[in-house]
Amino acid sequence: MSGTTIHKGKNCNFVQVPIPVNKAVRQESKQTLYFHKPVHIVTANAVVGNKEAEGPLKRYFRRIKEDIKLGEKNFERAEILMFDEAVRASLNEARPLVGNAELLISGDLLNQMTTSSYVARNLDLPHIGVYSACSTYTEALSLGATLIDAGHFTSVACATVSHFATAERQFRYPLEYGCQRPPYAQWTVTAAGSCVLSAKGEGPVIRSATLGKVIDFGQNDISNMGAAMAPAAMDTMCTLFRETDLSPKDFDLILTGDLGKLGSDILRNLMREQGYELGQQYKDCGCLIYSVDQNCYQGGSGAGCSASVMNEFVLPRIHDGTYKRVAYLATGALMSTQSCYQGETIPCISHGIVIEGENV
Amino acid sequence: MSAIANPIEKRNERYGKYVDSVTPKTGTLKSLWHSFWIGGLTCCIAQGIGDIYALIFPNFSEDLIVNITSMTIITLAILFTGLGFYDIIARKGGAGCFLPITGFANAISSAAMEYKSEGLILGTSVKMFTVVGPVVVNGIVWSTIAGLLNLLILGRI
Amino acid sequence: MTILNTITTYLTVFAVGGLMCALAQLLIIKTKLTPARILVIFLLTGVLLEGIGVYKYINDFAQAGISVPIIGFGASLARGSIEMARQIGFIGAFAGGLVRTAFGVGVAVVASYAVTLIFSPRSK
């Protein structure tokens, strides 16, 4: 009954509710994994679309695709190519530093994770496909760091991708369908992010990973992802602060995945209720990636959102010492279109990791 | 189990209320105005096309004029969809763009185009009515019921 | 006189058509109903209006203002169904609606197919 039992059974849902029966379980269940070996993020890359490249972070993105269809015959092909480019770039950059990566952990938003599998097919690497919607990247990083810490692998590639056009088709309406989005909607980011973790080499270090519980606060509006995911972020964030014995002040940056403006405001409030004041150092990737005048409503979402912001913006800042300790919590909404039409509420999850500069 | 479910329901309800209170609403007046004038304009264009047809073909029946008018605006809407600016107008027009028959046309053609990548048979042909299906199905079912009821109540005249 | 009449007609068309769309927009904002549900609601309103025989008076007054919104489609379906049911008996009720609206649906399907052959969806 240690940290990994959280996904099972009745422990999933009740988080803030005191239930006497489960008290013992909750006390001994630990969600945070500490890595005793330094797990370095050796290289990190992102490939982004044109809309992301017009946002506030435009000068940080190195690989930009002006045409997000990449001249392919469909958007799914384009997503595969983007992902392939990101993964190969980080593998190639890591090769002279730490040698070949030994494992690929990747995920995306499409059914059966086809994009990941099609990319892995050409890579001649063992592959683990992971899915937790937009928090896939932290899930992959946690898993990769765990495997390295346990000594099974020396270097592991972690990657995620999301694409506006393919996600739109899967979760919403056809692209050309004229419908108005509500002002609280979010815009799926077209981006692929990939990094290589290694026990050797240098680069920012993953110190701990906090695995999140599936949280459902009864939200059922498929457009209002921020409000649905904020409680999951709150739960994992509280656990992270409690179990690592750190407070928000100890971090230079607390980064959530893709809550958007509305979701991050809600999160601030929820955290205040829990007794944590998130100050200036709290940022949200969904808010960072698009500017207000880009018509993206509450901001970005999607697995590629936090991955691209993390890889191209935050990690270099950690590397050069601007940020010394960063908490990074990506959030994911684990619904499908069927489950929503069937009237189910939206279960959400958030996995957090703590990344530190090398010399801390 | 109910003892466990209850506090969760309470918490969810409280959270739901809180979310409702902070969620930004669509600017009511502005969006109503946009849908009003865009919807009204669509109707006026249709009326204009109908009047022109009535002038050109004075011996067509009124029903036929109505039919070719709606065929014309449907074709126009589908062309707009294909050229890729129907959804840009609709982002502003909201209900003004999906309530007129042009919205019906846009829904059919957008789905047809979207699933082109799976092929014309298994993609386009299969998925053409994904968005517009509810309208067609409910329309057929309830109009049939209307016809049957009419026959039952008023009898055969 | 005819010019004045035309202007009044167009103003009525504009006002009624616009009001219908504004009403639908209000439903979206206030009730969080999905567009598909709202379309069905308006469609059924059309069927109902035609079923109780009110529609043709509204249509005389508002013309395209009522027939272009999906209400007109519903009314057209119902009218076709009712008319054919009266002509050839109850089996007519099943075909009438489709026959009457087949012009629009037919051209929509064919034109969509044609457009699909030429254009591809774009991300904006």
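Letters A, B, ... are given to chains in the order of the sequence lines, protein chains preceding strands, and every chain is numbered from 1.
B:Asn106 contributes a side-chain N or O that, together with a main-chain N or O of A:Gly178, makes up a donor-acceptor pair within less than 3.5 Å. Under the 3.5 Å distance criterion, the side-chain polar atoms of A:Tyr173 are left unmatched by any main-chain donor or acceptor of B:Ala111. Here the side chain of A:Gln180 pairs a donor or acceptor atom with the backbone of B:Lys92 at under 3.5 angstrom.
Using a 4.0 Å cut-off between charged nitrogen and carboxylate oxygen, A:Lys73 and B:Glu118 do not count as a salt-bridge pair. Under the 4.0 Å criterion applied to side-chain N and carboxylate O atoms, A:Glu273 and B:Arg14 are assigned as salt-bridge partners.
The two residues B:Asp87 and A:Tyr177 make their nearest non-hydrogen contact at CB-O, 3.8 Å. Shortest non-hydrogen contact noted between A:Glu176 and B:Gly84 is OE1-CA, 3.4 Å. Of all non-hydrogen atoms in B:Tyr15 and A:Pro231, the two that sit nearest each other are OH-CD, 3.2 Å.
Side-chain atoms of B:Arg11 and A:Phe217, non-hydrogen and from C-beta on, do get closer than 4.5 Å to each other. Using a 4.5 Å cut-off on side-chain heavy atoms (C-beta onward), B:Ser110 and A:Leu175 make no contact. Contact check for A:Cys179 versus B:Phe98: no side-chain heavy atoms found under the 4.5 Å cut-off.
No more than 12 heavy-atom neighbours from other residues, nucleotides or ligands sit within 6.0 angstrom of OH on A:Tyr118.
Both the backbone and the side chain of B:Val22 come within less than 4.5 Å of a heavy atom in chain A. Both the backbone and the side chain of B:Tyr115 come within contact range of chain A, judged by heavy atoms closer than 4.5 Å. Only the side chain of A:Gln298 comes within less than 4.5 Å of a heavy atom of chain B; its backbone N, CA, C and O stay farther away. With a 4.5 angstrom heavy-atom cutoff, B:Lys116 does not touch chain A via any of its atoms.
How far CG of A:Asp216 is from CG of B:Asn12: 6.5 Å, rounded to the nearest 0.5 Å.
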